[in-house]
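Count residues from 1 along the sequence. Side chains are part of it too, since the values below use all heavy atoms of this structure and drop only hydrogens, waters and symmetry mates.
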Amino acid sequence: MRKLLVMFVVSAAFASQAQTVPSSGKIGYADMEYIFKQLPDLKQIETDLKSSQAQFKKDIDAKSQKLQKEYTDFNTNANAMVDTVRLNKQRELEKGMAALEQLQQDAQNTLQNKQKLLMAPVYLKVSRAIQEVARENGFSTILTRQISNYRVLLYQADQFDVSNLVLQKFGITPPAK
């Protein structure tokens, strides 16, 4: 009798918990990579980043060529140099190499920061559009289909894909599949 009473109490607790979850909650998903590829904002951002990257590459290549020339000249004339001059030139070349490495690192950091800065408003716009689509279509949750190259959803039915609805919020006609 006691076991039956304990089972009844536990069952009642589970039943009351189950009723707190809305039964009409639909779960959808969005393919963020697909959405971003369709946005004209992203194309402009990619163009800006490629332009900045090309400028950094040009600057780095110029400094690298200058340093390479100095290094070649040093190797050619090292035997004819006085020891103090040769040591000073070696230190200058080492400083130049360190400065070139720092320039490369700074360029990479600058590009990453610029990408984050340019992408932040786009992420915000897409997030708002997803929220609107969810509210308008009765979804309680929208998940992302994948993160980077890793699939998050193990199974997804096409009827719960809201990606095209999000694109329509931006006035973009989704491409035919």
Side-chain angles (χ1 to χ4, degrees), residues 10-68 97-177:
V10 170
S11 298
F14 280 122
S16 68
Q17 281 288 3
Q19 290 179 3
T20 61
V21 176
S23 60
S24 65
K26 291 189 328 188
I27 297 176
Y29 68 94
D31 186 342
M32 300 302 284
E33 186 177 327
Y34 167 76
I35 292 169
F36 282 122
K37 283 183 180 178
Q38 306 302 319
L39 295 177
D41 298 17
L42 193 68
K43 291 173 179 82
Q44 182 60 46
I45 290 171
E46 286 175 353
T47 301
D48 290 351
L49 289 173
K50 284 180 184 177
S51 174
S52 295
Q53 185 178 24
Q55 184 60 46
F56 283 129
K57 184 176 180 344
K58 182 180 171 186
D59 293 344
I60 290 169
D61 287 347
K63 291 187 192 254
S64 178
Q65 287 174 357
K66 179 182 176 196
L67 194 60
Q68 183 65 36
M97 289 295 291
L100 181 62
E101 288 177 15
Q102 186 64 46
L103 180 64
Q104 290 171 331
Q105 197 171 45
D106 290 347
Q108 185 177 8
N109 289 339
T110 300
L111 284 172
Q112 287 174 346
N113 289 337
K114 185 174 184 175
Q115 181 182 21
K116 289 177 187 176
L117 185 68
L118 294 173
M119 287 299 293
V122 178
Y123 284 127
L124 189 60
K125 283 180 11 181
V126 170
S127 177
R128 286 182 183 145
I130 289 172
Q131 290 173 11
E132 289 176 21
V133 166
R135 270 188 247 113
E136 292 169 2
N137 293 283
F139 286 97
S140 61
T141 305
I142 302 290
L143 303 172
T144 185
R145 189 168 151 246
Q146 68 184 42
I147 297 175
S148 296
N149 291 330
Y150 299 103
R151 289 177 56 107
V152 175
L153 300 177
L154 301 176
Y155 171 78
Q156 63 270 350
D158 288 341
Q159 69 204 41
F160 297 113
D161 184 355
V162 299
S163 303
N164 288 336
L165 295 173
V166 173
L167 288 176
Q168 290 171 358
K169 284 285 181 190
F170 293 108
I172 297 172
T173 303
K177 290 189 178 184

Point to revise | Test side chain to side chain contact (heavy atoms under 4.5 Å, CB included) applied to L49 and Q53, step by step | key: CA-CA 6 Å; L49 289 173; Q53 185 178 24; over 6 Å; no
Would you give the length of the straight line joining atom [atom1] of [X] to atom [atom2] of [Y], rounded to the nearest 0.5 angstrom?
X	Y	atom1	atom2	answer
Q104	Q108	CD	CD	9.0 Å
E132	R135	CD	CZ	6.5 Å
I142	S127	CD1	OG	11.0 Å

Practice item. List the steps and the verdict of side chain to side chain contact (heavy atoms under 4.5 Å, CB included) for D161 and Y29. Key: CA-CA 5 Å; D161 184 355; Y29 68 94; 3.3 Å; yes
For [X] and [Y], indicate whether the former's side chain and the latter's backbone hold a donor-acceptor pair under 3.5 Å.
X	Y	answer
T110	D106	yes
K26	N137	yes
S163	I35	no

With heavy-atom distances below 4.5 Å as the criterion, would you say the side chains of [X] and [Y] are in contact?
X	Y	answer
L117	Q112	no
I27	F139	no
R128	L124	yes
P174	Q168	yes

Check your understanding: Taking NZ, NE, NH1 and NH2 as the nitrogens, is one of them in E46 or K50 under 4.0 Å from a carboxylate oxygen of the other?
Key -> no
Practice item. In plain terms, say whether K114 and D48 are close enough for a salt bridge, that is, a side-chain N and a carboxylate O under 4.0 Å apart. Key: no
[X] and [Y]: which non-hydrogen atoms are nearest, and at how many Å?
X	Y	answer
I60	L100	O-CD1, 3.8 Å
M32	T144	CG-OG1, 3.4 Å
Y34	L167	CE2-CD1, 3.6 Å
F36	V122	CE2-CG1, 3.4 Å

Practice item. Evaluate side chain to side chain contact (heavy atoms under 4.5 Å, CB included) for D41 paired with M119, printing each intermediate quantity in order. Key: CA-CA 9 Å; D41 298 17; M119 287 299 293; over 6 Å; no
Exercise for review: Give a yes or no on this: more than 12 heavy atoms of other residues, nucleotides or ligands lie within 6.0 Å of atom NZ of K63.
Suggested key: no
**Study point:** F170 CZ: over 12 foreign heavy atoms closer than 6.0 Å
**Key:** yes
Review point. Would D59 and Q55 count as having a side-chain donor-acceptor pair, cut-off 3.5 Å?
Key: yes
Exercise for review: Just jot down the salt bridge (charged side-chain N to carboxylate O under 4.0 Å, His left out) partners of K43, sequence neighbours excluded, or say none.
Suggested key: none
